[in-house]
2 protein chains.
Amino acid sequence: MALTPLQQDFVLHFGEMGSRWGINRTVGQIYALLFISEHPLNAEQIAEHLGFSRSNVSMGLKELQAWNLVRLKHLQNDRRDYFTTPDDLWEIVRTLVEERKKREIDPTLSKLRELSMDGQGSADDAYAHSRIEELRELIELLTGWYDDMKGLETKRLAQMLSLGSSIHKLIEKSGRVVSLPRRMSGGTKTEEK
Amino acid sequence: MALTPLQQDFVLHFGEMGSRWGINRTVGQIYALLFISEHPLNAEQIAEHLGFSRSNVSMGLKELQAWNLVRLKHLQNDRRDYFTTPDDLWEIVRTLVEERKKREIDPTLSKLRELSMDGQGSADDAYAHSRIEELRELIELLTGWYDDMKGLETKRLAQMLSLGSSIHKLIEKSGRVVSLPRRMSGGTKTEEK
DNA sequence: TATGAATTTCAGAAATTACTGAAATCACGC
DNA sequence: GCGTGATTTCAGTAATTTCTGAAATTCATA
């Protein structure tokens, strides 16, 4: 029942990193444990492995469910909930990015749009307004790109990642027309430094 | 000396978001204030604008300097330190990504490499080891892509972002050879679901 | 609808993190 | 070096977050 040293080390690392990732130690460890467990685990098993109270595990699992990072399974003749992480790592990454965007970017983008509307007149706000506007445009560009990319099937995505920046040579070869940016009129002010 | 409502709103929003971004309220507000201030500010001005203690501002600025997110300026006949954010938003984004990677990804990648070496024998660890290895490979792919992209000049980067996923059509047209992935032998197992 | 296992909720305790004011340090002009 | 102002450090306090055990709730089955 006890964890091997390898498992122990992995789980503890994720616990420590938790704080940097904006989750707490418990949640990090629970996720790590599920990630490297071949079979689904129920809350009690998790509590036992990690030495947390049952209620703490319950809260941690709730948090992970809110992040959409765990899957719920049921076994025959056992009404306890069993948890796993998706087998497909790409799915995990997609979820992680999506959820972080939702929590960390989207609220700010809304706020920027709002401020951008509000703050148009006043001369006192001229500079602040232009900065906010610039920031908004940049974030719109980045999230627009992301929204576009997330639709790609995994195979193509991996392909593009492998190509890396050398893709830009393809853009050049393609006649450098760079088919008018789809998304934004002018794009952000791209002054090269 | 007081902030306009627009500035106030912006600053408070960044303070609130701070916790989600893994920084604290103070640091978030200081950064926001510097970001929308046309001219550099010294620590005392910041403390005054935001209503924090002088020492808190000092710590906040230290943190922002550790993140490499502020620039230090000096004015004629004034030995106080004045702070600004870079004019170029792209530079800010690059710094942000780089620093977050350094804090949030790199330590985990090191750990995964270590565990990947350690945990090779034991049958008990077979599954955990394969999961760890898979995760390591995926992160290597992603960070490799990032390392490659970060060298691009801003103009090209913005161009690629505007193109979004339609780039993949260029890859196809280019003869679909997809010049052997530069970085990894096989790439992560790309099973399409 | 009563039972009991599984799970969640929640109030308080414990731990961590943020913030302050006072004292210490630093750095520059004299 | 000495004095003055700017900045940092730091120990104590405040605020926040995490964690626990006990009580409440849920829910399948008898």
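Chain naming here is simple, since letters A, B, ... match the order of the sequence lines and numbering starts at 1 in each. Here the structure is a predicted model, which means the values were calculated and not measured.
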Note to self: For a quick check of understanding: with a heavy-atom distance under 4.0 Å over all strands, which category does A:R79 fall into, base, sugar-phosphate or nothing?
What the structure shows: base
Note to self: Expressed as a whole number of angstroms, how long is the span from B:E16:CD to D:dT16:P?
What the structure shows: 13 Å
Notebook entry, point to check: Between atom CZ in A:R80 and atom C1' in C:dA6, what is the gap in whole Å?
Noted result: 9 Å
Next item on the list: Measure the distance from CZ on B:F52 to C1' on C:dG21 and round it to the nearest whole Å.
Entry: 16 Å
Margin query: Without decimals, in angstroms, what is the distance between B:L61 CG and D:dT7 C1'?
Written below: 10 Å
Notebook entry, point to check: Counting only side-chain N and O atoms of B:S58, is one of them less than 4.0 Å from OP1 or OP2 of D:dT8?
Noted result: yes
Note to self: Looking at B:H13, is its backbone amide N or carbonyl O close enough to the side chain of B:E16 to form a donor-acceptor pair, meaning the two atoms are under 3.5 Å apart?
What the structure shows: no
Note to self: Just the rounded figure in Å: distance from P of D:dA6 to CZ of B:F83.
What the structure shows: 14 Å
Next item on the list: Examine C:dT9: is either OP1 or OP2 under 4.0 Å from a nitrogen or oxygen in the side chain of A:K62? Give yes or no.
Entry: yes
Note to self: Without decimals, in angstroms, what is the distance between A:E63 CD and C:dT8 P?
What the structure shows: 14 Å
Check: Please give, in whole Å, the distance from D:dG5 C1' to B:N77 CG?
Finding: 15 Å
Note to self: Walk me through whether B:R156 and A:S165 qualify under side-chain hydrogen bond (donor to acceptor under 3.5 Å, both in side chains).
What the structure shows: CA-CA 9 Å; B:R156 299 231 176 274; A:S165 66; over 6 Å; no
Margin query: Is the shortest side-chain heavy-atom distance between B:R80 and B:L75 below 4.5 Å?
Written below: no
Next item on the list: Answer with base, sugar-phosphate or nothing: what part of the nucleic acid does B:R25 contact at a heavy-atom distance below 4.0 Å?
Entry: sugar-phosphate
Next item on the list: Determine, for B:E99 against B:R103, whether the closest basic-nitrogen to carboxylate-oxygen distance falls under 4.0 angstrom.
Entry: yes
Notebook entry, point to check: Once you round it to whole Å, what is the distance between C1' of D:dT7 and CD of B:E44?
Noted result: 11 Å
Margin query: What contact category does B:T26 fall into here, base, sugar-phosphate, or nothing, at under 4.0 angstrom with non-hydrogen atoms?
Written below: sugar-phosphate
Check: Within less than 4.0 Å of OP1 or OP2 of D:dC19, is there a side-chain N or O belonging to A:N24?
Finding: yes
Next item on the list: Please name the pair of heavy atoms, one in A:L61 and one in A:A43, separated by the smallest distance, quoted to 0.1 Å.
Entry: CD1-CB, 4.0 Å
Note to self: Checking contacts here: which listed nucleotide (D:dT7, D:dA28, C:dC19) is nearest the side-chain heavy atoms of B:N56?
What the structure shows: C:dC19
Checklist line | Any donor-acceptor N/O pair under 3.5 Å between D:dG21 base and A:S55 side chain | finding: yes
Notebook entry, point to check: Just checking A:N42: base, sugar-phosphate only, or nothing, at a heavy-atom cut-off of under 4.0 Å?
Noted result: nothing
